[in-house]
There are 2 protein chains.
Amino acid sequence: MAATQPERSRDRDRTQGEILEVATREFAEHGYSGARVDEIAERTRTTKRMLYYYFGSKEGLFVAVLEQAYAAIRAAEQTVDVDHLDPVAAIRALAELTFDHHEAHPDFIRLVSIENIHRGEHMAESLAAINAPAVERIERILRAGREAGVFRADVDAVDLHMLISSYCVFRVANRHTWQALFDRDLLAADRRDGYRTMLGDVVVAYLTG
Amino acid sequence: MAATQPERSRDRDRTQGEILEVATREFAEHGYSGARVDEIAERTRTTKRMLYYYFGSKEGLFVAVLEQAYAAIRAAEQTVDVDHLDPVAAIRALAELTFDHHEAHPDFIRLVSIENIHRGEHMAESLAAINAPAVERIERILRAGREAGVFRADVDAVDLHMLISSYCVFRVANRHTWQALFDRDLLAADRRDGYRTMLGDVVVAYLTG
DNA sequence: GCCATAATGTACGAACTAGTACGTTACATA
DNA sequence: TATGTAACGTACTAGTTCGTACATTATGGC
């Protein structure tokens, strides 16, 4: 058991992890330009020196934050199995799981929005591989639905993924302007079930229509 | 005719308009924190002094930029009439017009994303009134569709507006991360018609399903 | 033509901010 | 226990950035 090693005052992994954790919050909170390196260092048990020691620059730190955020979110997604369901139930379950997943990780969505403002220039190559399984899973369900004759045949997996993502992301990402414009809180607890069902209805109606 | 007045060296409207125009681009380009007041002033025929004279602060300028952007986009929308069409054709036309509209105004969508990163704290009260007609128009179409017995009865106008907006906004706003993750350009010209039709299909299938 | 004032330009400063030079200490290994 | 190196801390700087004090000029009304 290495679990209860004597605590070290110098621990590469712990220091890096702590910096990443604090940096994730700071970037999600204030955007890339708005985030302050000094502030991140301040909230860590280590110093700014170490931040540059491990990540090289503010930009390098942001790249690491993004990479870790995508990895974490996809890892959590893969624990769910929907393949044993019939196609209609499977795609509805997948859509609704995506819905819950996005609601549970608003910081991740903020990071993605921020990265898009910066034209995706911090996206690491490795992220494509991490995200491929999400599309493959949809592909399997679509194929099953086509073979069963219940889904229309001209739907692409990536595009369906976009339909689902757009709904889930918008609700979280554009919550504040929507509230100001239409006086409606998209994340109100008492509307959540309704929005989740609506998404399932939309996806199923489109595929079976 | 006041059209060809002798050009004035001191023109309140022209100066304000020029500052707003340049500021809109700068904020959309770099985000709120990333935008530089000096850079905005530099690209204007006037100076930073005037920017503060008319808008008070960087924040005041951003509020003005947002307000003008929303006003412009809604004004353009209202020139289109879809009320004379039958409900199914009307809602499809509306969705597809929204689609084209968003594609044509990426800077506006960037500003909205940026404002959401900042939790909507710059949204002026007046914006709600400006945006109300968009929902009212959907409301009319929904009512006609219900009365004709072709639409399901439990759909709310604001929520349908969200469904349409989410699809249109995501395509533009999340273009860069999507490209990096799935190697697909959501704004590629040869896919535009397909995406537009897909949105119409989704909305109509949901409402009539 | 004169004047009140709206509009404008110049020059500057105080605070901030990313990044670094330089020195120190814990730890693994022999 | 000696030592090389990875991990760490302090103090600083060069450049930036929002904002303003102060001076000036154009313009419309009388």
Side-chain angles (χ1 to χ4, degrees), chain A residues 2 4-66 114-115 117-118 121-122, chain B residues 1-2 4-66 114 117-118 121-122:
Chain A
T4 52
Q5 283 182 352
E7 59 198 40
R8 304 167 37 138
S9 63
R10 306 191 156 195
D11 186 328
R12 184 187 178 87
D13 292 342
R14 190 187 59 72
T15 303
Q16 288 188 359
E18 199 174 332
I19 293 173
L20 274 181
E21 188 187 319
V22 174
T24 298
R25 277 212 304 278
E26 174 77 5
F27 281 122
E29 193 79 4
H30 300 106
Y32 177 73
S33 305
R36 297 294 167 234
V37 174
D38 284 297
E39 189 66 23
I40 294 171
E42 184 81 12
R43 289 206 279 249
T44 307
R45 266 178 297 176
T46 182
T47 65
K48 186 164 61 157
R49 176 69 185 77
M50 296 316 296
L51 189 156
Y52 282 94
Y53 182 67
Y54 285 123
F55 300 101
S57 64
K58 181 181 184 180
E59 201 168 347
L61 179 57
F62 185 65
V63 170
V65 162
L66 258 188
I114 290 161
E115 176 59 359
I117 293 297
H118 293 277
E121 61 193 11
H122 308 99
Chain B
M1 285 282 298
T4 52
Q5 284 182 351
E7 57 197 42
R8 306 166 36 139
S9 63
R10 304 192 159 197
D11 186 327
R12 185 187 176 87
D13 291 342
R14 190 187 59 72
T15 303
Q16 288 187 358
E18 199 174 332
I19 293 172
L20 275 180
E21 188 186 319
V22 174
T24 298
R25 275 212 305 278
E26 174 77 4
F27 280 121
E29 193 78 5
H30 301 106
Y32 177 74
S33 305
R36 298 293 167 236
V37 174
D38 284 297
E39 189 66 22
I40 294 171
E42 184 81 11
R43 290 206 279 250
T44 307
R45 266 179 296 176
T46 181
T47 65
K48 187 166 58 158
R49 177 67 186 78
M50 296 318 296
L51 188 156
Y52 282 94
Y53 182 67
Y54 285 123
F55 301 101
S57 64
K58 181 181 183 179
E59 202 169 345
L61 180 56
F62 186 65
V63 170
V65 162
L66 259 188
I114 290 162
I117 293 297
H118 293 277
E121 61 194 11
H122 308 98

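Per chain, numbering begins at 1; letters A, B, ... match sequence-line order.
Between dG19(D), dA18(C), dG19(C), one nucleotide has an atom nearer to the side chain of S57(B) than all others, and that is dG19(D). Listed nucleotides: dT8(C), dC8(D), dC18(D). Nearest to the side chain of Y54(A): dC8(D). Here the nucleotide nearest the side chain of R36(B), chosen from dG19(D), dT17(D), dA7(D), is dT17(D). Picking from dA7(D), dT10(D), dT10(C) the nucleotide with the shortest atom distance to the side chain of R12(A) gives dA7(D).
Side chains of Y53(B) and T15(B) form no contact here, defined as non-hydrogen atoms less than 4.5 Å apart. Using a 4.5 Å cut-off on side-chain heavy atoms (C-beta onward), Y52(B) and V37(B) make contact.
We find that NE2 of H30(B) is positioned 15 Å from C1' of dT16(D), with the value rounded to whole Å. The distance from atom CD of E39(B) to atom P of dT16(D) is 12 Å, rounded to the nearest whole Å. Going from atom CG of L51(A) over to atom C1' of dA18(C) covers 11 Å, rounded to whole Å. Taking atom CD of residue Q16(A) and atom P of nucleotide dC8(D), one finds them 9 Å apart after rounding to whole Å. Nucleotide dA7(D) holds its P atom 16 Å from the CD atom of E18(A), rounded to whole Å. Remark: P of dC18(D) and CZ of F55(B) are 16 Å apart, rounded to the nearest angstrom. Nucleotide dT10(C) holds its P atom 13 Å from the CE atom of M50(B), rounded to whole Å. Protein atom OH of Y52(B) is 22 Å distant from nucleotide atom P of dA6(C), rounded to whole Å.
Ranked by how close their nearest DNA chain C nucleotide is to the 5' end, Y32(A) and R49(A) are led by Y32(A).
At least one side-chain nitrogen or oxygen of T46(A) sits closer than 4.0 Å to the OP1 or OP2 atom of dG9(D). Put simply, T15(A) has a side-chain N or O that comes within less than 4.0 Å of OP1 or OP2 on dC8(D). Taking side-chain N and O atoms only, Y53(A) has no distance below 4.0 Å to OP1 or OP2 of dT20(C).
S57(A) is linked by a side chain to side chain contact (heavy atoms under 4.5 Å, CB included) to E59(A), counting only residues two or more places apart in sequence or in another chain.
A41(A) comes within contact range of no nucleotide atom at all, as no heavy-atom separation falls under 4.0 Å.
Judged by distance alone, with hydrogens and angles left aside, K48(A) brings a side-chain donor or acceptor within reach of the base of dG19(C), the pair sitting under 3.5 Å.
For an aromatic pair to be called close, the ring centres must be under 6.0 Å apart, and H122(B) with Y32(B) satisfies this.
Contact detail for L61(B) and A23(B): the closest heavy-atom pair is CD2-CB, 3.7 Å.
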